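The sequence lines fix the lettering, A, B, ..., with proteins before strands; numbering per chain opens at 1. What you are looking at is a predicted structure, and each value in this text was computed from that prediction instead of being measured.
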Number of protein chains: 4
Amino acid sequence: MKTKDRIVTAALLLFNEQGESNVTTNHIAAHLGISPGNLYYHFRNKNDIIHRIFLQYSDHLRKSFTPTTGAANASPAVWFHYLDAIFYVMWEFRFFYANLNDILHRDQELHLQYLAVQQELTVNLQALLREMTSQKVLAIPDEEIEPLTEVLRMLVSFWISYQSAQSLTPHISQAVLYQGVARVLLLLKPYFHPDKGLELATLMAHYQVLGSVPGDPFHK
Amino acid sequence: MKTKDRIVTAALLLFNEQGESNVTTNHIAAHLGISPGNLYYHFRNKNDIIHRIFLQYSDHLRKSFTPTTGAANASPAVWFHYLDAIFYVMWEFRFFYANLNDILHRDQELHLQYLAVQQELTVNLQALLREMTSQKVLAIPDEEIEPLTEVLRMLVSFWISYQSAQSLTPHISQAVLYQGVARVLLLLKPYFHPDKGLELATLMAHYQVLGSVPGDPFHK
Amino acid sequence: MKTKDRIVTAALLLFNEQGESNVTTNHIAAHLGISPGNLYYHFRNKNDIIHRIFLQYSDHLRKSFTPTTGAANASPAVWFHYLDAIFYVMWEFRFFYANLNDILHRDQELHLQYLAVQQELTVNLQALLREMTSQKVLAIPDEEIEPLTEVLRMLVSFWISYQSAQSLTPHISQAVLYQGVARVLLLLKPYFHPDKGLELATLMAHYQVLGSVPGDPFHK
Amino acid sequence: MKTKDRIVTAALLLFNEQGESNVTTNHIAAHLGISPGNLYYHFRNKNDIIHRIFLQYSDHLRKSFTPTTGAANASPAVWFHYLDAIFYVMWEFRFFYANLNDILHRDQELHLQYLAVQQELTVNLQALLREMTSQKVLAIPDEEIEPLTEVLRMLVSFWISYQSAQSLTPHISQAVLYQGVARVLLLLKPYFHPDKGLELATLMAHYQVLGSVPGDPFHK
DNA sequence: CATGAATGAGTCTTCATTCAT
DNA sequence: GATGAATGAAGACTCATTCAT
């Protein structure tokens, strides 16, 4: 692996473990056993590293949330796909969610890119909900689509922050993130078509189980 | 007003205006025209000031969310009271919501107090929802009370952070907070008893108007 | 002596001895046995210190070059005064002359102040030459007053740089500065009225002697 | 053109444009599209490049200021030649004049070469003035030849620095350099033989025109 | 109560230079 | 000849906190 990639990987690891603000460029360099100068050879500054990580993040988002049309959206398999994708991004880039505002307000360029990605997501999510409504999976009044997508985005974006505030340690476990995924379903539950009760129950059960792993295997 | 109180007031003002992390103890002292030493005579450290602010915060919360029992909970006046109280606390202590995790994870004692208050709130909120359900205002299945309160708490706790992330400036307007209050209603809407449609519509209209002040009078 | 003044004095000393660019804020602090933080308590940054020194510099200039009118300007005593003042400022702030452009182009505010002082000086110097011309001491054609003042200003401003370039060590001695003063007289010599030959010769002899001290007593 | 020469050419260009201290070895390499390692293959270090530029500089000087003997020195054509040569060297190596002391005191070997060239120049210049005096073009008392050559050298060596200090931008235009050439004539004017008034006036007019180009064509 | 000077560890960043390939 | 990754010492500056008066 190239040094440049090793830096990104190490930064992501340390950011996720210790919080972005507690990880200095010197920490990252020391962690890799390279000199600070070398790190600055590959990246102009710390924000530049975060930029690179953000690219990975938005790539994942774009790949995972390309909307499908038609009957596919009536299949639980597709629903699993989306919910798993939510979980994956939340976990892999949890430092980003945990320090969203610090990071965005320090770097306007990144903030603009973030807003662009959010805008795409909003459009896709609304299309998805409308499609599911027309597939008779959901029954969401048209005027509620918009506020609902907003609440859903907010839930996903700040679930980690919320959970971090609920716990004395800033670390979050995968289980806690699965609980967040389950909450997404909870918010949609009132709108689910009665016919789909069984499928919905299966989905919810799935993520509730994942969300209740007693001993978190990832952090002691 | 005593110096000690003036410090708390000034700190709250500056924190809300500029963000807690951007306000140093020297800023606060300079703002009041006192010496940093004097500030440290009254408070052991910066966290100690935040502690005092937090006391005001939790006092407000406790006063405002004491649950009522019986028919009172069927009255829109009471609902207004709660929603206005939510708004008030969000606005008055917005710096706290904007930097929740930074503040909590730096100071375990404060964090414990925060969790205690949240626990009280959770109990009260659940009682309120149950009471409203028994008053035939809402119809929330018992097993959904718990997750719903959690989502509501989360919505209120991170609405400011969410909105800050959506905007290029970290400043928050009152209008934006009223939109958050309106979202609380939105989440409850599916559970409202059909009979209460009119009252609900009035409530929602009220906060939507407040949330859509075109020119924000607080920040240009 | 207050710490703030001690910092200015130490900075001036070290700047003059080692060159402004070779003296860091940490050097200054270490030289005084104070912490870097303390230095930054008294001054916002390194330029701020230079600013303060520049104030002393321009104060001296303004005090020393207030022009006199009338017969006084025909007296050798007054000429000595001006030439000694030139020497004093060159010596006391030699670091400034030695690094003029680096310092000015790094700090626009200082640069503007510098230009303002230079403008004053130009006006005063031109008035002086005209006065001496009308007192029959000099005979400078009116159209040459302007370019001549410019050359004189330039000579004084860059004499130190010039001499530094001529020597393998960057240090300059007082003798070398006196040679600069003598050069000022040299440039004016062609314009001196024949009647004043004796006075001029005395003046020149005075500064030539000072400029030829064999062993420089100030630097080994 | 060989890489080694391309490096020298690029370095000179960038130094003149941006100032020697603002141009890193990496800048030069990047400007040429070569690697820093390659640059260091051809030159031991940054000073080594400056060394090479200095060779060009001194070659020009030596070629241009070889003194002529006899009647040739009474011809305005020769005077033009010398003054144009002064201009050419000032313009082509302006970075060197702008940072003379930084460059010399960093590199003793270069400094020694510089002093040697200056010594040659001094000898040649004095010979020239003496020759012109014996050709009845100038009338300089023998004891003033020496100090006058020194002032002239100083004027030429620091005219750029002086002008840079007078302007808020560090950039220098050709017009400004022509003004410097005109100042050389100004300093000699008092010594010019009355018979040569016409020729002198022509010369001065020539360089004054060049020195007063309104819109500087080289920098916007 | 109050002053304000002082501390010092820590942060990001730069750049001439080296070296294995 | 050339690449480009790597080094490391150094610099300016910040800020919560302490302490003598």
Side-chain angles (χ1 to χ4, degrees), chain A residues 2-4 6-7 21-30 32-49 106, chain B residues 2-4 6-7 20-30 32-50 106, chain C residues 2-4 6-7 21-30 32-49 106, chain D residues 2-4 6-7 20-30 32-50 106:
Chain A
K2 295 285 177 79
T3 298
K4 187 157 192 170
R6 290 178 61 223
I7 292 171
S21 63
N22 302 315
V23 176
T24 73
T25 50
N26 283 351
H27 287 357
I28 300 170
L32 289 171
I34 66 174
S35 67
N38 193 9
L39 185 146
Y40 277 85
Y41 171 78
H42 291 286
F43 294 93
R44 272 207 324 266
N45 51 40
K46 196 180 170 186
N47 269 347
D48 198 17
I49 301 176
R106 184 199 310 149
Chain B
K2 295 285 177 80
T3 298
K4 189 156 190 170
R6 291 177 61 224
I7 292 171
E20 183 266 340
S21 64
N22 301 316
V23 176
T24 70
T25 49
N26 282 349
H27 282 20
I28 300 170
L32 290 170
I34 67 171
S35 68
N38 193 7
L39 185 146
Y40 275 85
Y41 173 82
H42 291 287
F43 293 94
R44 256 179 333 166
N45 52 38
K46 196 179 173 185
N47 272 343
D48 199 14
I49 302 175
I50 296 175
R106 190 198 304 151
Chain C
K2 296 285 178 79
T3 298
K4 188 157 190 170
R6 290 177 60 222
I7 292 171
S21 63
N22 301 315
V23 176
T24 73
T25 50
N26 283 349
H27 287 357
I28 301 171
L32 289 170
I34 66 173
S35 67
N38 193 7
L39 186 145
Y40 277 86
Y41 170 77
H42 291 285
F43 294 93
R44 271 207 326 268
N45 52 39
K46 195 181 170 185
N47 270 345
D48 200 14
I49 302 176
R106 186 200 307 147
Chain D
K2 296 287 177 74
T3 297
K4 188 157 191 171
R6 291 177 60 224
I7 292 171
E20 184 267 338
S21 64
N22 301 315
V23 175
T24 71
T25 49
N26 282 350
H27 282 21
I28 300 170
L32 290 170
I34 67 171
S35 67
N38 194 5
L39 185 146
Y40 275 84
Y41 172 81
H42 292 286
F43 294 93
R44 257 180 332 167
N45 52 39
K46 198 182 175 184
N47 273 342
D48 199 14
I49 303 175
I50 295 175
R106 189 198 304 149

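Rounded to a whole Å, the CG atom of D/Leu32 is 13 Å from the C1' atom of F/dA2. In this structure, the CG atom of A/Asn45 is 10 Å from the P atom of E/dC12, given to the nearest Å. Distance D/Lys46 NZ to E/dC15 P: 9 Å, rounded to the nearest Å. The distance between atom CD1 of D/Ile7 and atom P of F/dA2, rounded to the nearest whole Å, is 8 Å. The CG-C1' distance, from C/Leu39 to F/dC13, rounds to 11 Å in whole Å. We find that CG of B/Asn22 is positioned 13 Å from C1' of F/dC15, with the value rounded to whole Å. Atom-to-atom, NE2 of D/His27 to C1' of E/dC15 comes out at 10 Å; the value is rounded to the nearest Å. Counting to the nearest Å, the P atom of E/dT18 and the CZ atom of D/Phe43 are 15 Å from each other.
Positionally, the nearest nucleotide of DNA chain E for B/Gly37 lies more toward the 5' end than for the other of B/Gly37 and A/Arg44. DNA chain E is contacted by both C/His42 and A/Asn47; C/His42 maps to the nucleotide lying nearer its 5′ end (nearest heavy atom per residue). Residue whose closest nucleotide on DNA chain F sits further toward the 5' end, between D/Gly33 and A/Arg6: D/Gly33.
Taking side-chain N and O atoms only, A/Tyr40 has no distance below 4.0 Å to OP1 or OP2 of E/dT14.
Atom CZ of D/Arg106 sits in a crowded spot, with more than 12 heavy atoms from other residues, nucleotides or ligands closer than 6.0 Å.
Distance from the side chain of A/Ser35 is smallest to F/dG8 among E/dG4, F/dA2, F/dG8. Among the nucleotides F/dA12, F/dG1, E/dT3, the one closest to the side chain of D/Tyr41 is F/dG1. Nearest to the side chain of C/Asn26, among F/dA16, F/dC13, E/dT14, sits F/dC13. Side chain of D/Pro36, nearest nucleotide from F/dT17, F/dG4, E/dA6: F/dG4. The listed nucleotides are F/dG1, E/dT3, E/dT7; the one nearest the side chain of C/Asn38 is E/dT7.
Heavy-atom minimum distance, D/His27 versus D/Asn22: CD2-O, 3.6 Å.
One distance of note links NZ of D/Lys4 with CG of D/Leu39; it measures 11.0 Å at 0.5 Å rounding. Rounding to the nearest 0.5 Å places CD1 of A/Ile7 at 6.5 Å from CG of A/Leu32. Separation of atoms CD1 (A/Ile34) and OG1 (A/Thr3) is listed at 6.5 Å; rounding is to 0.5 Å.
At the heavy-atom level, A/Thr3 lies under 4.0 Å from the strands shown only through sugar-phosphate atoms. Using a 4.0 Å heavy-atom cutoff across all strands shown, D/Thr25 reaches at least one base atom of the nucleic acid.
The partner of E/dT21 is F/dA2, judged by Watson-Crick or G-U wobble contacts that both fall below 3.5 Å.
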